[in-house]
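First listed ligand is number 1; within each ligand, the first listed atom is number 1. For the numbers below, each heavy atom of this structure counts, side chains included, while hydrogens, waters and symmetry mates do not. Keep in mind the model is a prediction, meaning the values are calculated, not measured. For this chain, numbers begin at 1 and follow the sequence in order.
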Amino acid sequence: MNYEQISQLELTHHSGAVGRRPVALVRAKGTRLWDSEGKEYIDCAAAQGWANVGHSHPVVLAAIQRQAETLVASQESSYNDQRALWMADMAAVFRASLGWTDCAVHPSNSGTEANEAALKFARFQTGRKGFVAASRGFHGRTMGSLSVTANKKYRDPFEPLIMPVTHVPYNNVEAAAAAIGDDTAAVIVEIVQGEGGVYPGETAYFQALRQLCTERGALLIVDEIQTGVGRTGRWLACEHHQLSPDIVTLGKSIGGGLPMGVTAWPKKLGLFESGTHGSTFGGGPLICAASRAVIEVMAEERLPERAAELGAWLLAELRGLRSGQVREVRGLGLMIGLELRGKVTPVLQQLMERGVWALPAGLNVLRLLPPLVIEQADLEQVIAVIRDVLK
Ligand code: PLP
């Protein structure tokens, strides 16, 4: 099918929810994407942050193929070998990254569901109702996660959302201190705000949130759906700040391209009671096998270390561009934002014309989230294209 045929057919049945670029992507491998007309792009978006190990990594593919022939989906209410092994692998990640010796790992089907589970667990354990979240924060689009998401454009058409939620300025300890009260079940925060414009938070801020939550009996949820799985140069971005939250959520790349969310916490906080949460496909064997392969590849190919090294180099190179169109370059690891003086959409379009697929973050930030397996030579090409487009 060509672009016209594909786009017309989609538009015929489109719900209207997510706007499309005028391109039909039909194939991907490693760090490359191809459209229906055969045009090749360097993927600087890791698809939408979910391809940290690259597209169709052979280890992930082999795991999916093997498991697809054995058992694709299973009952939540029975044990399963792949889920058991995956839980142990995930627990090992949390032990190594955060020092959690004994942790509960709840699988779901997306980032927003990982946050739903975290919010429900916080209410369930604390008996409190309220949440504190950050301005510019993004946590998903289902009703609970949307309630802690800040952007009014996403929220307003769906009010009333869950209550009470207080949004306070990011990186601002006083504002957080004023907002966390006796009825706060949890504070939810990103280590680098992704959709909100690629804003890294500061160690003093996260340490203060940790202390405030501990003192006031609220749980600290860190949403690592975009920052996790090596993206910022550590397995979890919390590690940059020696931060041990109460709950961590993962999504995107943890499923290796299959839909998965993860909500994890130290078991000393307690557990859900049977029946209080769950989903039909969460923790299915196919997805768990894919996710185990991702965890293996992350270690084998030292991808967090790679993201740290390449990310520091890329950030310095982009800061050196000195284009009049760029107001600021921010980032951590291979999560980088160029805040532009004008709108990002025409820049994205020109990058696509020159074979670079990047992301926006808000109206004026160009966001780069390449797969962590990307070669430095590819990034050199990307820098050259960005320099050319921003001339
Ligand atoms: N949280 C963060 C930080 C995200 O970046 C996203 C998605 O972009 C989500 C939550 C929602 O994840 P999903 O789109 O898988 O529901």
Side-chain angles (χ1 to χ4, degrees), residues 15 17-19 44-52 106-122 131 133-151 153-155 158 161-162 165 167 170-171 186-201 206 220-232 236-238 240 243 245 247-264 279 281-283 287 290-291 294 330-337 358-362 365 367-370:
S15 74
V18 179
C44 271
Q48 184 92 13
W50 57 252
N52 284 9
H106 179 86
S108 53
N109 312 291
S110 62
T112 197
E113 280 179 72
N115 285 334
E116 291 291 334
L119 300 174
K120 282 180 73 175
F121 182 76
F131 296 101
S135 311
R136 292 192 310 246
F138 184 84
H139 302 290
R141 296 171 189 268
T142 49
M143 293 302 243
S145 303
L146 182 61
S147 306
V148 288
T149 288
N151 193 330
K153 183 177 157 209
Y154 302 150
R155 301 168 52 89
F158 305 104
L161 297 169
I162 68 161
V165 176
H167 283 97
Y170 188 64
N171 256 334
V187 174
I188 182 164
V189 72
E190 295 156 89
I191 300 293
V192 181
Q193 292 188 312
E195 303 293 313
V198 191
Y199 287 93
F206 295 120
L220 178 59
I221 304 170
V222 171
D223 176 339
E224 292 247 21
I225 287 158
Q226 194 164 140
T227 54
V229 197
R231 169 59 55 198
T232 68
L236 297 175
C238 283
H240 292 285
L243 177 67
I247 306 176
V248 171
T249 56
L250 295 173
K252 295 193 186 281
S253 285
I254 193 61
L258 300 188
M260 177 176 244
V262 182
T263 311
S279 88
F281 287 116
I287 292 163
S291 181
V294 168
R330 304 182 283 266
L332 192 61
L334 280 174
M335 180 169 182
I336 295 182
L359 283 172
V365 176
R367 184 169 35 146
L368 302 177
L369 301 175

Selected option - heavy-atom contact closest to atom 8 (O) of ligand 1, from H139, E116, K252: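 Result: the heavy atom closest to atom 8 (O) of ligand 1 is in K252.
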Atoms of ligand 1 close to Q226 [distance to a heavy atom under 4.0 angstrom, numbered from 1]: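 Those atoms are 5 (O).
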Within-cutoff protein neighbour (heavy atom, under 4.0 Å) for atom 5 (O) of ligand 1: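 Yes.
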From OG1 (T249) to CD (Q226), nearest 0.5 Å: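 Interatomic distance, T249 OG1 to Q226 CD, rounded to 0.5 Å: 11.5 Å.
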Rounded distance [0.5 Å steps], CG in L161 versus CZ in R155: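 One finds 5.0 Å between CG of L161 and CZ of R155.
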Which residue supplies the protein heavy atom nearest to [atom], what is that atom called, and how far is it?
atom	value
atom 1 (N) of ligand 1	D223 OD2, 2.7 Å
atom 16 (O) of ligand 1	T112 N, 2.9 Å
atom 15 (O) of ligand 1	G111 N, 2.9 Å

Which part of [X] is near ligand 1, with near meaning a heavy atom under 4.0 Å away: side chain, backbone, both or neither?
X	result
E190	side chain
Q48	neither
I225	side chain

Residues R231 and E224 bridged, charged N to O under 4.0 Å: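 Here R231 does not pair with E224 in a salt bridge, since their nearest N and O are not under 4.0 Å apart.
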Donor-acceptor under 3.5 Å (H240 side chain, T232 main chain):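 Indeed, once roles are kept as given, a pair shorter than 3.5 Å links the two residues.
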For Y170 against Y199, the heavy-atom pair lying closest together: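 Where Y170 meets Y199 most closely, the heavy atoms are CE2-O, 3.5 Å.
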Non-hydrogen atoms of G228 and L236 that approach each other most closely: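 Scanning both residues completely, I find the closest heavy atoms to be CA-CD2, 4.5 Å.
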Criterion side-chain hydrogen bond (donor to acceptor under 3.5 Å, both in side chains) on N115 and S145, from CA distance to verdict: CA-CA 6 Å; N115 285 334; S145 303; 4.6 Å; no
